[in-house]
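Structure first, commentary second.
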Amino acid sequence: MKNNNEIEVSRRNMWSGILFGVGLIAFIDETVFHQLLRWHHFYDKSTTDIGLISDGIFHAFSWFATIAGLFLFADLRRRNGLIFQRWLGGVLLGIGVFQLYDGIIQHKWMRIHQIRYVDNVIVYDIVWNVGALIILLIGIFLLFRTSKNSTLKEKNANE
């Protein structure tokens, strides 16, 4: 049975990873698909100016999530509590959840933008959502694996 400190450290590793993962994938999405390829804006149901403003707000969100995740990560390192596999599981979970939310809720349900405005968008949707699902499942696997045998416990036993 884990004590309260181990549970708290375990949660912090996961949440630090999730925040960093969400910020990272939002940054990549914004930079690659919104700015470099110019396939869409965050909100495409209005003018280009509104689309650019929505991209700016989205970019700020990704920046805040990344910084929050890195502050938690730095705190874990300072306390010698980093469980890298658990943190990585959180990163992949954050990436997968964000990408799946974007692909299903924003693209298909809310229709605030599409990946790309082409006739055969289903190919892009399948690649986007299946990729998200694979990343999400790997993240869940890593989190499940590290919750069973805490690396922190092993780490503390060796010190």
Side-chain angles (χ1 to χ4, degrees), residues 7-79 81-147:
I7 293 170
E8 181 60 30
V9 168
S10 181
R11 279 191 194 142
R12 282 179 171 256
N13 273 277
M14 183 184 72
W15 281 107
S16 169
I18 288 172
L19 284 170
F20 184 77
V22 166
L24 177 67
I25 195 64
F27 173 80
I28 291 170
D29 182 22
E30 171 68 26
T31 303
V32 174
F33 298 105
H34 296 219
Q35 294 174 349
L36 295 175
L37 297 174
R38 291 178 283 156
W39 284 0
H40 62 261
H41 296 291
F42 182 77
Y43 187 75
D44 278 337
K45 288 184 153 184
S46 186
T47 64
T48 302
D49 282 345
I50 297 297
L52 290 171
I53 290 169
S54 70
D55 284 348
I57 293 168
F58 178 56
H59 215 50
F61 163 77
S62 74
W63 183 246
F64 288 127
T66 304
I67 295 300
L70 289 176
F71 266 111
L72 287 172
F73 183 85
D75 184 55
L76 287 166
R77 297 236 348 152
R78 185 179 60 82
R79 295 173 189 237
L82 180 65
I83 306 168
F84 186 74
Q85 270 197 347
R86 187 152 183 84
W87 183 81
L88 184 60
V91 170
L92 295 175
L93 181 70
I95 289 172
V97 166
F98 177 87
Q99 194 171 324
L100 204 55
Y101 166 80
D102 187 40
I104 292 174
I105 304 297
Q106 293 181 343
H107 294 175
K108 296 302 165 197
W109 187 55
M110 296 170 69
R111 298 189 175 275
I112 61 174
H113 65 260
Q114 294 294 317
I115 293 174
R116 191 169 187 191
Y117 294 94
V118 294
D119 290 335
N120 206 5
V121 72
I122 190 72
V123 174
Y124 294 91
D125 289 334
I126 290 171
V127 169
W128 187 263
N129 291 324
V130 169
L133 193 58
I134 290 169
I135 294 168
L136 177 68
L137 290 174
I138 294 170
I140 289 170
F141 170 75
L142 287 176
L143 288 172
F144 180 75
R145 191 171 137 188
T146 54
S147 69

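Only this structure's heavy atoms are used, side chains among them; waters, hydrogens and symmetry mates stay out. Because the structure is predicted, anything quoted here is derived from the model rather than measured. Index from 1, following the sequence.
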Aromatic ring centroids of [X] and [Y] under 6.0 Å?
X    : Y    : result
F33  : W128 : yes
Y117 : W39  : no
H40  : H34  : yes

### Message
Applying side chain to side chain contact (heavy atoms under 4.5 Å, CB included) to R79 and V9, what does each step give before you reach the verdict?
### Response
CA-CA 9 Å; R79 295 173 189 237; V9 168; over 6 Å; no
Atom [atom1] of [X] and atom [atom2] of [Y]: how far apart are they, to the nearest 0.5 Å?
X    : Y    : atom1 : atom2 : result
I105 : R111 : CD1   : CZ    : 12.5 Å
L88  : L82  : CG    : CG    : 10.5 Å
F61  : F42  : CZ    : CZ    : 8.5 Å
Q85  : L143 : CD    : CG    : 10.0 Å
L76  : W87  : CG    : CH2   : 10.0 Å
M14  : L72  : CE    : CG    : 11.5 Å

Does [X] use its side chain to pair, donor to acceptor, with the backbone of [Y] at less than 3.5 Å?
X    : Y    : result
T31  : I28  : no
N13  : G81  : yes
S16  : G69  : yes
R86  : S10  : yes
Q106 : I112 : no
N129 : I126 : no

### Message
Surrounding CH2 of W15 (heavy atoms of other residues, nucleotides or ligands, distance under 6.0 Å), is the total greater than 12?
### Response
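At most 12 heavy atoms, drawn from other residues, nucleotides or ligands, come within 6.0 Å of this atom.
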### Query
When you look at CZ of F27, are more than 12 heavy atoms from neighbouring residues, nucleotides or ligands closer to it than 6.0 Å?
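Counting neighbours around CZ of F27, 12 or fewer heavy atoms of other residues, nucleotides or ligands fall under 6.0 Å, so no.
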Nearest atoms (heavy-atom pairs only) where [X] meets [Y]:
X    : Y    : result
G89  : L142 : CA-CB, 3.7 Å
R12  : D75  : NH1-OD2, 2.9 Å
G103 : K108 : O-CG, 3.6 Å
Y124 : I115 : O-CD1, 3.3 Å

With a 4.5 Å limit on heavy-atom distance, are the side chains of [X] and [Y] in contact?
X    : Y    : answer
Y43  : F58  : no
V91  : I18  : no
L19  : T66  : no
D102 : H113 : yes
L136 : L133 : yes

